[in-house]
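What follows is a single structure, written as structure tokens, with notes after it.
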Amino acid sequence: MTNLRNDLFLRALMRQPVPRTPVWIMRQAGRYLPEYREVRAEAGDFMSLCRNPELACEVTLQPLRRYKLDAAILFSDILTVPDAMGLGLYFETGEGPKFKNPVRTANAIRGLRVPDVRKDLAYVFEAVRTIRRELNGDVPLIGFAGSPFTVGTYMVEGGSSRQFATIKGLAREAPDVLDHLMNIVAETTIEYLNAQIDAGAQAIQIFDTWGAALEPDDFRRFSLASMQQIMEGLTREKDGRKIPVILFTKGAGPLLADLADTGCDALGVDWTTDLKSARELVGDKVALQGNLDPATLREGAETIRQGVADTLASYGTGPGHIFNLGHGITPDIDPDNLGILVDAVHELSPAYHS
């Protein structure tokens, strides 16, 4: 299927037989690694790191030097898309991402336009090309974007939010305006992801962090429909190979069945839904990715190994499982503990593959 030396991740996404369960970790390039913190200090700030293709490549590769992971994921941020739309992304120390120009009114939202992503986000695609060159066929590279609802939440709230008051107010009082926002972000995201694929991304993940904060009907209208729009606009084959797509909606639970009908290849599952239940919901439609609670990595070696064993047993035998955490690794984790997890997946997972 590929000229990769290790294509277990891509084969598992296609539900093809593999000798063991492949493993990668969300946020595997990040603040838990001291070498990452050194490069970020060199860059000066987070966005300067994102905008430097050579440094973005370096931090993408750092975890692969430490651990026997089966995929690399592009180092970037989901909010580069609204930044390209003119919202002025910046990061406050201790407060996370913020926008200088949030869009909180109908007029502001209707004034948004799809940017020239290949020009405005050229640094992302140069990073993809650089990473592919440096990987040299060792493992596949995952590209990514945020879901339109998740990205839109930051755009209208102006930054991180716990209550989602502004965007939920739009859903109730001006749903057509929110539809317009979702459409603009979806169209931009299609262009953005297709450019990542053109540059060399070999799989795509869409992070829907906040979609499940909506009531089920609103989730289907504002989050699921926009992800479906992206699925229908994506390049799904490049150079004779399929480009698999993973959808990850945090807290999806029973909504996994709806997500499985989008045409994606895999679903990320967070730790609040066990894989056995998720597998019963989606059947053989898609592969499943996950889903050890990230907090397990704060524990000792035996607890981590038991967590890996329980996660593998929850999915059970057969193809279609990619081991991951149920969300991203947190900055407080001892890097050695991730090594324990990866080694345990390598040791324990072959028993689930005939």
Side-chain angles (χ1 to χ4, degrees), residues 1 7-16 18 21-22 24 26 70-71 73-74 78 81 140-151 182-183 185-194 196-197 201-212 214 216 219-238 241-270 273 275 277-291 315 318-327:
M1 184 174 70
D7 65 355
L8 295 183
F9 169 70
L10 297 180
R11 286 159 59 191
L13 284 176
M14 308 293 196
R15 297 183 48 79
Q16 295 174 356
V18 289
T21 304
W24 72 280
M26 290 184 282
D70 296 299
I73 184 166
L74 165 70
I78 65 170
V81 165
L141 175 62
I142 306 166
F144 72 90
S147 73
F149 182 78
T150 293
V151 171
M182 295 299 97
N183 180 65
V185 178
E187 288 300 316
T188 305
T189 303
I190 290 167
E191 296 293 325
Y192 180 52
L193 290 175
N194 282 342
Q196 288 187 37
I197 292 166
Q202 293 154 292
I204 293 296
Q205 177 154 317
I206 298 173
F207 288 88
D208 184 35
T209 310
W210 303 127
L214 293 165
F219 169 78
R220 294 183 182 96
R221 176 170 178 175
F222 300 116
S223 185
L224 183 65
S226 60
M227 288 191 285
Q228 179 75 67
Q229 182 179 348
I230 292 170
M231 291 297 307
E232 292 170 359
L234 280 184
T235 300
R236 299 303 303 276
E237 187 173 313
K238 180 82 177 354
R241 57 177 175 81
K242 185 175 182 180
I243 306 295
V245 180
I246 308 161
L247 301 184
F248 174 60
T249 294
K250 183 183 177 186
L255 298 170
L256 289 167
D258 294 291
L259 288 159
D261 289 333
T262 59
C264 67
D265 299 283
L267 295 176
V269 183
D270 79 353
T273 301
L275 290 177
S277 299
R279 200 172 181 185
E280 290 169 354
L281 277 170
V282 304
D284 294 332
K285 288 182 181 178
V286 294
L288 295 176
Q289 178 176 277
N291 68 337
Y315 184 84
H321 181 209
I322 300 96
F323 198 99
N324 209 311
L325 299 177
H327 201 246

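Quantities reported herein were computed from a predicted structural model and do not represent experimental measurements.
In terms of heavy-atom proximity, G233 sits nearest to N194 at O-ND2, 3.1 Å.
Looking at I230 and P148, their side chains come closer than 4.5 Å, going by heavy atoms from C-beta outward. Using a 4.5 Å cut-off on side-chain heavy atoms (C-beta onward), Q229 and M182 make no contact. Residues L259 and C264 have side chains not in contact (no heavy-atom distance under 4.5 Å, counting atoms from C-beta outward). Contact check for P244 versus L10: side-chain heavy atoms found under the 4.5 Å cut-off.
Remark: the backbone N or O of G320 is paired with a side-chain donor or acceptor of Y315 at under 3.5 angstrom. A donor-acceptor pair is defined here as one N or O able to donate and one able to accept, closer than 3.5 Å; such a pair exists between the side chain of N291 and the backbone of D270. With hydrogens and angles disregarded, a donor-acceptor distance shorter than 3.5 Å links the side chain of Q228 to the backbone of T262. When atom types are taken as modelled, the side chain of T150 and the backbone of T209 share a donor-acceptor pair closer than 3.5 angstrom. Side chain of D70 to main chain of I322: no donor-acceptor pair is present (N/O by atom type, distance under 3.5 Å, no hydrogens or angles). Under the 3.5 Å distance criterion, the side-chain polar atoms of Q196 are matched with a main-chain donor or acceptor of F144.
The one candidate from R15, K285, R236 that meets the side-chain hydrogen bond (donor to acceptor under 3.5 Å, both in side chains) condition with D265 is R236.
A tilted orientation is assigned to the rings of F248 and H327, their planes being inclined by 30° to 60°.
The distance from the CH2 atom of W210 to the CZ atom of F219 is 14.5 Å, given to the nearest 0.5 Å. Between the CH2 atom of W24 and the CD atom of Q289 there is a distance of 5.0 Å, given to the nearest 0.5 Å.
At most 12 heavy atoms of other shown residues, nucleotides or ligands fall within 6.0 angstrom of atom CG in D284.
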